[in-house]
Amino acid sequence: MSEEKAILTIGDKRIELPVFVGTNGDKAVDVSKLYDDHHLITYDPALANTAICHSKITFIDGDAGILRYRGIPIEQFDTPSPNFVEVAWLLIFGTLPTHEELIDFRVRLTNNALLHEGLRQRIELLPPSAPPMASLSAALSEMVCYYKNYLTLDDDEQFIEAAARMISTIRTIAAYSYRRSQGLPIIYPDPKLRYVANFLHMMFSYPYLQYEITPEVEDAMNLILILHADHEQNCSTATVRVVGSAKANMFSSCASGVSALWGPLHGGANVKVMEMLEAIYKGGLTPEHCIEAAKDKTNPFRLFGFGHRVYKNYDPRAKILKASCDRVFSKLKHNDPLLDVARRLEELALADSYFADRKLYPNVDFYSGILLRAMGIPTNMFTVIFAIGRLPGWIAHWKEQHDVPTNRIMRPRQIYEGNEIVNYIPVKDRVRVGSIQ
Ligand code: ACO
């Protein structure tokens, strides 16, 4: 809390409000007692200007295009990239793991990689065509039916075991959903393989043919997971916090995060980007048409993979992914015409005053799909991969909130604009005038 006060005047009232200052000097006016003390509420649709918590996990400076996990700049996770498991530990526990802690966590991940048979059978009951994000959200939520000791996590050992279970099993669920959609048998996790390699094995091996893991592909997947691992109070993480604020268990809270992430304005945008690039490549649209449609206010079309609530600069994750695409494509001697389409779209958008004036730049979803496609990941799994990456961030936020003794249930206010008192009318006397609102 700073010495400084903010002054709000309303009518003849002069109200002094406390001010918080973040590590980087950003200031926040504390309005939390405004209703109790003065019967006033604040209006901030979409919570665009409201801090909902204090956090030590991730720092973003949207104007400068800076992202740091526990203080470490995101660029330091690029080549040579640390392991995703290290980053997961860093986000959840606040420091990089020691060698012993890393080994211990890896063993826990290996021990928790198998799906409970009951859960596997439950997934089997879903139609093979089920959207993988729906299966994932359902399966994460149902996990507590099989591990009831995870319903309350007040003990450190219980928490770490539950976190390892969820981080490990999410891959198994994701890979199994994909296998079912393809009519392929389940491939069980291989305890000899590391986190990312094991995921690729469960996705692509056959009972009679082991998938050959290319180091470039493993590295690129590792990088993608790291870049998606946390992004402070984004829509899905804020959802996890809202649900968790009611003291809901960690599995249900994270399952809600999956549902929020699925939306096309959030993690689902990576699918929309690919649909857009494919439509352009197949000739249904030109990059120029796309740009014009995105600018046309009578057209609901948006340039997917562009714009961000917080970044008013190039998203640093998009920068890293764009460079990674070039690296991986040249190492694998892979060529994808969609990469050329994406580059052309970016070039047109960055040169256009509509995008420049609104500070709309490529976000993380713009290049991630092209990279995933190069690894043979089908489009309907893109947002699932995002969810695997984001899970440690959700867990870290759930834990940070859970550990605050003063946690209160999140419960926003509204500006009511409906009827004043209206009398009830018996059904026989009701007449509809006009249409239902
Ligand atoms: N294409 C065209 N215009 C856009 C775009 C876009 N992609 N993004 C924003 N704008 C315009 C808006 O129409 C608005 O214009 P106006 O001032 O003339 O009304 C202005 O830029 C500000 O946009 P808002 O919608 O107010 O920005 P907001 O912060 O609410 O939304 C969002 C951010 C949802 C990311 C938005 O930029 C968008 O829809 N982008 C496309 C979807 C996308 O890529 N989502 C992924 C985001 S990253 C992530 O979640 C992982």
Side-chain angles (χ1 to χ4, degrees), residues 57 69-70 72 74 76-116 119-120 136 139-140 143 146-147 149-150 153 155-176 186-205 210-230 250-251 254 375 384-399:
I57 302 170
Y69 292 163
R70 299 283 186 183
I72 303 179
I74 196 74
Q76 293 188 19
F77 297 113
D78 196 3
T79 50
S81 190
N83 195 282
F84 172 63
V85 174
E86 283 178 73
V87 175
W89 177 282
L90 168 74
L91 288 168
I92 298 170
F93 298 105
T95 56
L96 286 166
T98 61
H99 184 67
E100 291 72 27
E101 285 165 342
L102 189 57
I103 301 285
D104 173 77
F105 199 54
R106 281 200 176 126
V107 170
R108 288 177 192 266
L109 291 174
T110 303
N111 293 345
N112 284 297
L114 269 181
L115 280 185
H116 188 289
L119 190 58
R120 191 186 64 73
L136 190 61
L140 280 189
M143 221 184 261
Y146 302 97
Y147 307 101
N149 53 332
Y150 294 160
L153 297 175
D155 161 291
D156 287 351
E157 169 58 27
Q158 225 179 2
F159 170 76
I160 190 169
E161 196 59 16
R165 163 82 60 194
M166 202 172 1
I167 292 173
S168 190
T169 318
I170 192 174
R171 293 171 301 182
T172 319
I173 297 168
Y176 186 38
I186 187 169
I187 295 291
Y188 287 98
D190 179 344
K192 293 188 292 306
L193 294 176
R194 281 153 64 123
Y195 189 87
V196 167
N198 212 350
F199 173 58
L200 293 169
H201 156 72
M202 287 190 275
M203 285 281 290
F204 298 124
S205 283
Q210 182 83 7
Y211 170 75
E212 205 174 304
I213 294 153
T214 327
E216 289 77 18
V217 169
E218 187 181 347
D219 286 352
M221 180 61 88
N222 188 53
L223 180 66
I224 286 181
L225 295 183
I226 290 174
L227 294 180
H228 287 85
D230 192 44
M250 187 167 80
F251 289 80
C254 291
M375 296 177 211
V384 174
I385 308 268
F386 191 152
I388 298 175
R390 182 55 54 91
L391 184 62
W394 291 334
I395 294 176
H397 283 271
W398 184 90
K399 181 170 170 37

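Just so we're clear, the structure is a prediction, and the values are computed from it rather than from any experiment.
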Could you give the distance from [atom1] ([X]) to [atom2] ([Y]), rounded to the nearest 0.5 Å?
X	Y	atom1	atom2	answer
L153	K399	CG	NZ	9.5 Å
M375	M203	CE	CE	11.0 Å
H116	L114	NE2	CG	11.0 Å
I187	N198	CD1	CG	11.0 Å
E216	T214	CD	OG1	6.5 Å
L391	I170	CG	CD1	4.5 Å

* Looking at residues at least two apart in the chain, or sitting in another chain, which of them share a side-chain contact (heavy atoms from CB on, under 4.5 Å) with A88? -> I167, P392

* More than 12 heavy atoms of other groups within 6.0 Å of D156 CG -> no

* Asked: Is it the case that more than 12 heavy atoms not belonging to E212 sit under 6.0 Å from its CD atom?
  -> no

Using a 3.5 Å distance criterion without hydrogens, assess whether the side chain of [X] forms a donor-acceptor pair with backbone atoms of [Y].
X	Y	answer
T172	A113	yes
N222	P82	yes
S168	R108	no
T169	L115	no
Q158	N149	yes

Side chains of [X] and [Y]: closer than 4.5 Å at any heavy-atom pair?
X	Y	result
D104	E100	no
T95	R70	no
F199	M221	yes
F159	I395	yes
F77	L90	yes
Y211	V217	yes
H397	D230	yes
Y147	N112	no

What's the shortest heavy-atom distance between [X] and [Y], and which atoms?
X	Y	answer
A396	L91	CB-O, 3.3 Å
P191	T110	CB-CG2, 3.6 Å
A229	Y69	N-OH, 3.3 Å

* Taking it one step at a time, do L223 and D219 satisfy side chain to side chain contact (heavy atoms under 4.5 Å, CB included)? -> CA-CA 6 Å; L223 180 66; D219 286 352; over 6 Å; no

* To do: Could you check M250 against Y150 for side chain to side chain contact (heavy atoms under 4.5 Å, CB included), going step by step and ending with a plain yes or no?
  => CA-CA 8 Å; M250 187 167 80; Y150 294 160; over 6 Å; no

* **Aromatic plane relationship, Y195 with F84 - under 30° parallel, 30 to 60° tilted, over 60° perpendicular** => tilted

* Fit a plane to each ring of F93 and F105, take the angle between them on a 0 to 90° scale, and name the class: parallel (under 30°), tilted (30 to 60°) or perpendicular (over 60°). => perpendicular

* **All ring-ring contact (aromatic ring centres under 6.0 Å, His included) counterparts of Y188, not counting sequence neighbours** =>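 Counting only residues at least two positions away or on another chain, Y188 forms no ring-ring contact (aromatic ring centres under 6.0 Å, His included).
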
* Asked: Can W89 and L96 be said to form a side chain to side chain contact (heavy atoms under 4.5 Å, CB included), step by step?
  -> CA-CA 7 Å; W89 177 282; L96 286 166; over 6 Å; no

